[in-house]
There are 2 protein chains.
Amino acid sequence: MNHEDHQEETLHVGSGEFRMTKQRRVVYDVLLDQRDHPTAQEVYSRAKRRMPGISLATVYNCLDTMAQAGVVKQVNVARDATRFCPNLRPHAHFLCARCGEVLDVDLKPTADATLAWAMPEGASVEHLEVAMRGLCPTCASQPAQLV
Amino acid sequence: MNHEDHQEETLHVGSGEFRMTKQRRVVYDVLLDQRDHPTAQEVYSRAKRRMPGISLATVYNCLDTMAQAGVVKQVNVARDATRFCPNLRPHAHFLCARCGEVLDVDLKPTADATLAWAMPEGASVEHLEVAMRGLCPTCASQPAQLV
DNA sequence: ATGAGATCAAGAATTATTCTAAATAAGGAA
DNA sequence: TTCCTTATTTAGAATAATTCTTGATCTCAT
């Protein structure tokens with residue numbers, strides 16, 4: 001009886017275009033609701049609570065589709081599974097070596113991340129990913145752990 | 001009859017310390033001789049030419065040991081296999097989207113790579129990895145490919 | 001030479017991700 | 001609506017990078 005009946009809609013964002021299916025909506029909402037940079041597996045677990053029949057392959061498909069459309073970002077820190085986040089501002093990622101949390105680190109308002117680097121003449125940068133590791137503010141202020 | 005007979009020596013570098021065994025020497029030389037950021041598999045192929053009996057597991061072990069010791073760096077661009085390089089200067093990596101080449105991009109002499117980022121107050125950065133994608137100078141100057 | 005500990009080799013095991021094929025769902029045209 | 005075409009989903013197999021395991025081998029200090 002209301003607009004909720006329209007489960008489909010088409011989104012035009014960034015480079016791509018895609019249909020917001022039920023599954024993609026669920027996956028996207030999972031990312032929006034808990035912004036802790038989950039892996040595909042973690043997204044899958046959370047998505048299943050909302051839509052028990054969803055499959056892991058679909059979660060991968062959805063994340064991939066949305067990443068290509070530019071709606072979510074893939075985050076690679078360290079060598080483990082790719083993580084995902086819906087933060088579209090230019091930002092880097094900081095992995096705390098102690099607690100494992102992944103923090104977003106925004107690009108300063110007027111800054112240019114490539115400026116510090118001696119780029120080869122004529123190269124064009126389409127994409128830049130920055131991964132930092134260290135101690136987050138909380139862990140850095142804690143005394144050294146005996147574990 | 002000469003010093004070459006001493007195949008063992010101990011290196012103290014950066015954070016770690018390790019024995020330069022025959023295998024590690026070969027793996028390290030492979031990295032020094034062709035600085036094209038090979039994957040572990042590629043290192044293995046090249047190492048086998050010099051030491052046919054070397055095993056893939058050993059190549060992984062050697063790369064790991066040397067990475068921990070700080071003698072080589074692990075390079076993660078995109079989602080594929082980790083690459084390795086013996087360049088110890090602070091530098092970023094640039095993957096050409098067309099030719100697939102990986103270029104080293106040095107940090108500018110006095111620059112600070114974290115300066116562009118709004119680091120959370122109190123965080124300490126131990127490690128920073130920058131991966132860029134785009135077109136290298138050569139490919140950027142070429143007309144668009146029809147493939 | 002001997003013993004302790006490090007390193008190596010071979011292959012099995014793990015894990016993230018991609019692929020395949022068949023079933024289902026969606027949007028447009030008649 | 002009903003039919004048609006195409007996109008999407010699903011489940012499970014396949015792939016690929018990496019790690020683990022175990023026993024053999026090597027190195028160094030005694």
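Not measured: the values here are computed from a predicted model. Chain letters run A, B, ... following the sequence lines, proteins first and then strands; every chain starts at 1.
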Chemist: Under a cut-off of 3.5 Å for both distances of each Watson-Crick or G-U pair, what dot-bracket string does DNA chain D give, using [ ] for crossing pairs and | for inter-strand pairs?
Modeler: ||||||||||||||||||||||||||||||

Chemist: Just grab all the ring-ring contact (aromatic ring centres under 6.0 Å, His included) pairs involving residues 20-79 of chain B, residues at least two apart or on different chains.
Modeler: B:His37-B:His93

Chemist: When the distance from CD of B:Gln68 to P of C:dT7 is rounded to whole Å, what number comes out?
Modeler: 12 Å

Chemist: Take the protein atom CG of A:Leu63 and the nucleotide atom P of D:dT8, then report the distance between them rounded to whole Å.
Modeler: 15 Å

Chemist: Side chain of A:Leu56 only, heavy atoms from C-beta on: which candidate in C:dT17, C:dG11, C:dC8 is closest?
Modeler: C:dT17

Chemist: Categorize A:Ala81 for me: base, sugar-phosphate, or nothing, with a 4.0 angstrom heavy-atom threshold over every strand shown.
Modeler: sugar-phosphate

Chemist: NZ of B:Lys22 versus C1' of C:dC8: gap in Å, rounded?
Modeler: 11 Å

Chemist: Mind checking if A:Asn61 touches a base, just sugar-phosphate, or nothing, with heavy atoms under 4.0 Å?
Modeler: base

Chemist: What's B:Thr82 touching, base or sugar-phosphate or nothing? Going by heavy atoms closer than 4.0 Å.
Modeler: sugar-phosphate

Chemist: In whole Å, what is the span from the CE atom of A:Met20 to the P atom of D:dT9?
Modeler: 11 Å

Chemist: Could you state the atom-to-atom distance from CZ of B:Arg24 to P of D:dT27 in whole Å?
Modeler: 12 Å

Chemist: Using a heavy-atom distance cut-off of less than 4.0 Å, which residues of residues 28-41 of chain A contact DNA chain D?
Modeler: none

Chemist: So B:Arg25 and B:Met20, do their side chains get closer than 4.5 Å, heavy atoms only?
Modeler: yes

Chemist: Rounded to whole angstrom units, what separation is found between the CG atom of B:Asp64 and the P atom of C:dC8?
Modeler: 12 Å

